[in-house]
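To keep things clear, I will list the structure first and then write my remarks on it.
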Amino acid sequence: MESLKRIRIADLLHEWKSIGAGSTINLKGWVRTKRGNKKVAFIALNDGSIIHSIQIVVDLESFDEATLKLITTGSCISVNGVVVESPGQGQAVELQAREIEVYGTADAETYPLQKKGHTLEFLREIAHLRPRTNTFGAILRIRHAMSFAIHKYFNDNGFYYLHTPIITGSDAEGAGAMFRVTTLDDKKPPLTLKGEVDYTQDFFGKPTNLTVSGQLEGELGAMALSNIYTFGPTFRAENSNTPRHLAEFWMVEPEMAFHDIKDNMDLAEDFLKYLVNYALTNCKDDLDFLNNMYDKELIDRLKFVTENAFQRLDYTEAIDILKASGQTFEYPVNWGTDLQSEHERYLVEKHFMKPVILTNYPMSIKAFYMKQNDDGKTVRAMDVLFPRIGEIIGGSQREENLEKLTRRMNEMGIPENEMWWYIDTRKFGTAPHSGFGLGFERLILFITGMANIRDVIPFPRTPQNAEF
Ligand code: ATP
Ligand code: MN
């Protein structure tokens, strides 16, 4: 076969006018379908560079039958052919095949994606192959675009990307149950005289875990570089089998010196609107596909978020609204209890009908590092609540006062001696500062309109599931 430089299907569809009808090019990809009659075969070829497949027209007379037989749904081929303007509607160009090489066959009897229209549940069981479907191609390209947009937003706004550790020596972060990291022999761990596992003999000389958040280290960065962000994997060993929780998920955590809670809310709102706008502008084909296939209101919902100011209100006001709502909730509403996703979604979807930022939560339900209000009861926390998702961002202004911080740590039983490095920031050049955490997969849920968080990460980690 003549060796030609391969062109991505995305590039062909975008630039076919300059490539020129009549030119001979090479395409490589996976066969979605093959149909035809006694004279011609039509192959839909997709290489994942774009949602669209390209039609390859094969004149049966010019190819030997044995090769053509190998070209079935799922097989991988390389095609040299001539670009021709497509007579049919839908696509501008197609490829008239001249030479075909089959890289890999896919047995029609056993290839799991033989037919179209599989359920999302079934596709989860073949997570190793689902990227080859239109749906997961679209989701994975959007995930990429959002990662890129996150870095772009922060870079353009003077933030530095700080790499916080994934293995952490503190288990006091308080955001959730942790996964232990150890190299000790699980059958015969070394024991202390008291008969407990002797972690001084473990790899790090102390117990270590996978991080639940990069925030505490992020604060150390902000106290030197002013504005930083982290963007990395975080882990929670909670047995929460919900459509919004993963055991391994990606979190985006900006931390800003000299920002108070209002600046923090302004940033969160601007950031989210930027990301949604970025998707609307740069992921149009994939969003159109998801809008048509899964959720006819998806694009309208995305536009709505970018066009309207988020509603800001106090936790206490939210409780009053929920109590006066006349709704029966599964979990009762009382001042001092954490809001459940049903409450969050009522506020967003029924009451205000737009994203909501709740502030000034009861101190008792929030983490030790949040800035204490003068009322002695509430802290300067902020949660951003989104339609269909509930909490998408959790953040706060941080307590910068050494005395208040350590008092709260003692009340909550958080050992000062383990957190000495964190406390040092309040001893040496402390400053007002704020930050928040955006759950990356919750963002992707919102952008794609998918209903289950297992469908917006390539290889989901959930209780009882780490196969792929
Ligand atoms: P939730 O109440 O929804 O369980 P949280 O309050 O425990 O969340 P935070 O510790 O505030 O979560 O984490 C910050 C953000 O990370 C959340 O706003 C959410 O977007 C995301 N997040 C938290 N836990 C998970 C999880 N298990 N899987 C995916 N995303 C998560
Ligand atoms: Mn939270």
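Each ligand, and each atom within it, is numbered from 1 in the order the structure gives.
Closest to atom 13 (O) of ligand 1 among all protein heavy atoms lies Arg236 NH2, 3.6 Å. Nearest non-hydrogen protein atom to atom 21 (C) of ligand 1 is Gly439 CA, 3.6 Å. Closest to atom 18 (O) of ligand 1 among all protein heavy atoms lies Glu391 OE2, 2.7 Å. Among protein heavy atoms, the minimum distance from atom 30 (N) of ligand 1 is reached at Phe249 CD1, 3.4 Å. Scanning the protein for heavy atoms near atom 20 (O) of ligand 1, the closest one is Ile392 O, 2.8 Å. Considering only non-hydrogen protein atoms, atom 14 (C) of ligand 1 sits nearest to Met251 SD, 3.6 Å. Among protein heavy atoms, atom 1 (P) of ligand 1 sits closest to His245 NE2, 3.7 Å. Of the protein's non-hydrogen atoms, Arg442 NH1, 3.4 Å is the one closest to atom 19 (C) of ligand 1.
Shown in contact with Arg244 at under 4.0 Å from a heavy atom are these atoms of ligand 1, numbered in order with element: 28 (N), 29 (C). Heavy-atom contacts of Ile453 reach the following atoms of ligand 1: 29 (C) (cutoff under 4.0 Å). Per-residue contacts place Gly394 under 4.0 angstrom from the following atoms of ligand 1 (heavy atoms of the residue considered): 18 (O).
Checked against a 6.0 Å centroid threshold, the rings of Tyr153 and Phe159 do not count as neighbours. A centroid separation of less than 6.0 Å is found between the aromatic rings of Tyr229 and Tyr161.
Under 4.0 Å is where a charged nitrogen must lie from a carboxylate oxygen, and between Glu317 and Arg312 no such pair does. One finds a salt bridge joining Lys371 and Glu400 here, because a Lys/Arg side-chain nitrogen approaches an Asp/Glu carboxylate oxygen to under 4.0 Å. Electrostatic pairing of Lys366 and Asp383 counts as a salt bridge here, judged by a charged N lying under 4.0 Å from a carboxylate O. Between Glu441 and Arg143 a salt bridge is recorded (basic side-chain N to carboxylate O distance below 4.0 Å). Arg132 has no carboxylate O lying under 4.0 Å from a charged side-chain N of Asp47, or vice versa, which leaves the two without a salt bridge. Between Asp202 and Arg180 there is no salt bridge, since no side-chain nitrogen of the basic residue lies less than 4.0 Å from a carboxylate oxygen of the acidic one. Salt-bridge annotation for Glu269 and Lys273: present, with a side-chain N of the basic residue lying under 4.0 Å from a carboxylate O of the acidic one.
When the heavy-atom distances from atom 28 (N) of ligand 1 to Leu385, Ile457, Leu246, Thr242 are ranked, the shortest goes to Leu246.
Surrounding NZ of Lys303 are at most 12 heavy atoms belonging to other residues, nucleotides or ligands under 6.0 Å away. Enclosure of atom NZ in Lys296 by more than 12 non-hydrogen atoms of other residues, nucleotides or ligands within 6.0 angstrom is indicated.
Every N/O-N/O distance between Leu438 and ligand 1 stays at or above 3.5 Å.
Residues Asp455 and Met450 share a closest heavy-atom pair of CB-SD, 4.3 Å.
A heavy-atom separation below 4.0 Å is not found between Glu238 and ligand 1.
The aromatic rings of Phe386 and Phe310 lie perpendicular to each other, with more than 60° between the two planes, well past the 30° mark.
Protein N/O/S atoms nearer than 2.8 Å to the Mn ion (ligand 2) total 1.
With a 4.0 Å cut-off on non-hydrogen atoms, Ile393 touches ligand 1 through its backbone and not its side chain.
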